[in-house]
Number of protein chains: 2
Amino acid sequence: MMKLDRPTIQQATIELLNEDGLDALSMRTLAKKLDVKAASLYFHIKNKNDLMVLISELVSERVYERLQKIDDADFYVLAHIMREELKRIQDSPRIFEITFPFTPFRSRLIELALSQFRDMGVDESHLTMVGNMGNNFVLSYVSDEQYFARVPDQKMPANLPEQLLSPIDMANPDDAFDYGLDIFMAGVDVKVKQAK
Amino acid sequence: MMKLDRPTIQQATIELLNEDGLDALSMRTLAKKLDVKAASLYFHIKNKNDLMVLISELVSERVYERLQKIDDADFYVLAHIMREELKRIQDSPRIFEITFPFTPFRSRLIELALSQFRDMGVDESHLTMVGNMGNNFVLSYVSDEQYFARVPDQKMPANLPEQLLSPIDMANPDDAFDYGLDIFMAGVDVKVKQAK
DNA sequence: ACCTGAACACCGTTCAAGT
DNA sequence: ACCTGAACACCGTTCAAGT
């Protein structure tokens, strides 16, 4: 029916991810969704890893484009936009974790974050550490959000100390994200001032 | 030859991980290493996920036992010991990420970390957030360490801005870890004082 | 009690062959 | 140029059958 091309494959991949998650995504299920045979996909994409990179690049591009429209965006802004775009695709944080990080748009985001930290006063020798840490914070946070949104409450252990971890206080996930981001940014600030 | 039991399987799994990594670990390769057929493994363990949990529990137990011997261990100590034990098994951070977190020893570690943060003055409503963040920091850090130790330098892009990211400044990975941990702990401190 | 042969229902990927 | 049938070399898991 529909002509098969990379954007179509990309779109179907995202739909499949949002329906059943990364573990259910195979070249065969993807082909079935597109009413095509698995082998056909290989005419348009090199392999499955390529497909994963395509997704991480799409997310990175969306984040990058949104940031272009904002003047003087700091890491607070970057982190919030990144989280929003990651949340649009189920398991996208895991995809970021398993793919090679230095693809075009993702590299630009890294450069951007690094320049933001440089502006905060972080010295060169610690820049990549801080950049990685900021990146990992956002990825892990959204990964946890998506994980606990899927794990049914019953599977949570009932004998936890004072019910502390039940739904991982995802009651106010937005506040919790801001709180964590504050911790990170305040910590960076302290270290910058210490160095002076 | 050797009698097959859970500890033997556990040991072989760790050796296989340290030789070829998680992606190369299959029930069949594991069986081959033990001079046994894949089906035999299922007499001793429920399934592959069970095996992954076994590994995460082993690491957690080692961390827990070491912490028991230290009086007044704070999160600095916990994080350092956790990193050391994670580093002993290739891809163990990824195993932590894909397995259910509330297993016996791992739960104890979580409780321990939470009580450490409580002692620092973190209030109940933010405890799990801070606990998750500390946990994610250590896991992501070791994951990155192991990742960049395996990716050959040639695969790194040559056109990065000022060579900033080349070996991800893994020149002094220990200092970088301390720096990141300082950021986190200092940030927590700031937020605690803010709340007062 | 412990192990295996054989099978089932999947994978990712390749490639000659079709249109 | 684009798609497919068929195959290859793998997976995790089950289970009747063997000892």
Side-chain angles (χ1 to χ4, degrees), chain A residues 1-57 90-92 94-100 103 150 155, chain B residues 1-57 90-92 94-100 103 150 155:
Chain A
M1 305 285 122
M2 258 264 283
K3 189 165 129 280
L4 196 62
D5 55 15
R6 283 168 71 98
T8 311
I9 293 173
Q10 211 177 25
Q11 182 54 36
T13 303
I14 292 170
E15 282 169 25
L16 221 45
L17 284 172
N18 284 338
E19 285 159 19
D20 305 315
L22 181 59
D23 292 336
L25 176 72
S26 74
M27 298 304 276
R28 283 169 158 90
T29 57
L30 179 57
K32 184 162 283 173
K33 190 179 182 69
L34 289 161
D35 258 311
V36 104
K37 299 297 157 188
S40 313
L41 299 170
Y42 288 85
F43 188 84
H44 301 277
I45 57 163
K46 209 165 99 260
N47 50 38
K48 195 182 180 182
N49 182 64
D50 219 51
L51 186 61
M52 297 296 93
V53 170
L54 225 57
I55 301 300
S56 75
E57 274 296 274
Q90 176 88 279
D91 290 328
S92 59
R94 262 174 68 201
I95 291 174
F96 269 72
E97 280 156 21
I98 62 178
T99 51
F100 184 71
T103 45
R150 225 172 340 173
K155 279 217 69 182
Chain B
M1 304 288 120
M2 257 265 282
K3 190 165 128 278
L4 197 62
D5 55 14
R6 283 167 70 99
T8 310
I9 293 173
Q10 210 178 27
Q11 182 55 35
T13 304
I14 292 170
E15 282 170 25
L16 221 44
L17 285 172
N18 283 338
E19 286 160 18
D20 304 316
L22 182 58
D23 291 336
L25 176 72
S26 74
M27 297 304 275
R28 284 170 158 88
T29 57
L30 179 58
K32 185 162 282 175
K33 191 180 181 70
L34 289 161
D35 258 311
V36 105
K37 299 296 156 188
S40 313
L41 299 170
Y42 288 83
F43 188 84
H44 302 277
I45 57 163
K46 209 165 100 260
N47 51 36
K48 194 181 180 181
N49 182 63
D50 219 51
L51 187 61
M52 297 296 93
V53 170
L54 225 56
I55 301 300
S56 75
E57 273 296 274
Q90 177 88 278
D91 290 327
S92 60
R94 264 174 67 202
I95 292 174
F96 271 71
E97 281 156 22
I98 61 178
T99 50
F100 184 71
T103 45
R150 225 171 340 174
K155 280 216 70 183

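Throughout, a chain's letter reflects where its sequence line sits, starting with A, and its residues are numbered from 1.
The distance from atom NZ of B/Lys3 to atom P of C/dC3 is 9 Å, rounded to the nearest whole Å. Going from atom CG of A/Leu41 over to atom C1' of D/dA1 covers 16 Å, rounded to whole Å. Protein atom CG of B/Leu34 is 15 Å distant from nucleotide atom C1' of C/dT4, rounded to whole Å. The interatomic distance linking B/Lys37 (NZ) with D/dA16 (C1') rounds to 18 Å, in whole Å. Rounded to a whole Å, the CG atom of A/Asp23 is 14 Å from the C1' atom of C/dC10.
One finds the CD1 atom of B/Ile45 at 4.5 Å from the CG atom of B/Leu51 (value rounded to the nearest 0.5 Å). Note that CG of B/Asp5 and CD of B/Gln10 are 10.0 Å apart. Values are rounded to the nearest 0.5 Å. The distance from atom CG of A/Asn18 to atom CG of A/Asp91, rounded to the nearest 0.5 Å, is 9.0 Å. Rounded to the nearest 0.5 angstrom, A/Arg94 CZ and B/Arg94 CZ are separated by 10.0 Å. Note that the CD1 atom of A/Ile14 and the CD1 atom of A/Ile55 stand 4.5 Å from one another [nearest 0.5 Å]. For the atom pair B/Met52 CE and B/Thr99 OG1, the distance stands at 9.0 Å (nearest 0.5 Å).
When the side-chain nitrogen and oxygen atoms of B/His44 are compared with OP1 and OP2 of C/dC3, one or more of them lie within a distance under 4.0 Å.
Partners of B/Glu57 by side chain to side chain donor-acceptor pair (under 3.5 Å), not counting sequence neighbours, listed by chain and number: B/Thr103. Residues that satisfy the side-chain contact (heavy atoms from CB on, under 4.5 Å) test with A/Lys32, not counting sequence neighbours, are absent from this structure. Contacts of B/Lys33 classified as salt bridge (charged side-chain N to carboxylate O under 4.0 Å, His left out), with partners at least two apart in sequence or in another chain: B/Glu15, B/Glu19.
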I'd like a list of close polar pairs between nucleotides 17-19 of chain D and the protein, N/O only, cut-off under 3.5 Å.
none

Between the protein and nucleotides 11-15 of chain D, list the N/O to N/O atom pairs that are separated by less than 3.5 angstrom.
from, atom 1, to, atom 2, distance (Å)
D/dC11, OP1, B/Ser26, OG, 3.2
D/dC11, N4, B/Arg28, NH2, 3.4
D/dG12, OP1, B/Met27, N, 3.3
D/dG12, OP1, B/Lys48, NZ, 3.0
D/dG12, OP2, B/Met27, N, 2.8
D/dG12, N7, B/Arg28, NH1, 2.3
D/dG12, O6, B/Arg28, NH2, 3.1
D/dT13, OP2, B/Tyr42, OH, 2.8
D/dT13, OP2, B/Lys48, N, 2.8
D/dT13, O5', B/Tyr42, OH, 3.4

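A donor-acceptor contact shorter than 3.5 Å links the side chain of A/Thr13 to the backbone of A/Ile9. At distances below 3.5 Å, at least one donor-acceptor pair connects side-chain atoms of B/Arg6 with backbone N or O atoms of B/His44.
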Starting at the 5' end of DNA chain C, write a dot or bracket for each base, bracketing those in Watson-Crick or G-U wobble pairs whose two distances are under 3.5 Å and using | for partners on another strand. ||.|||||...|||||.||
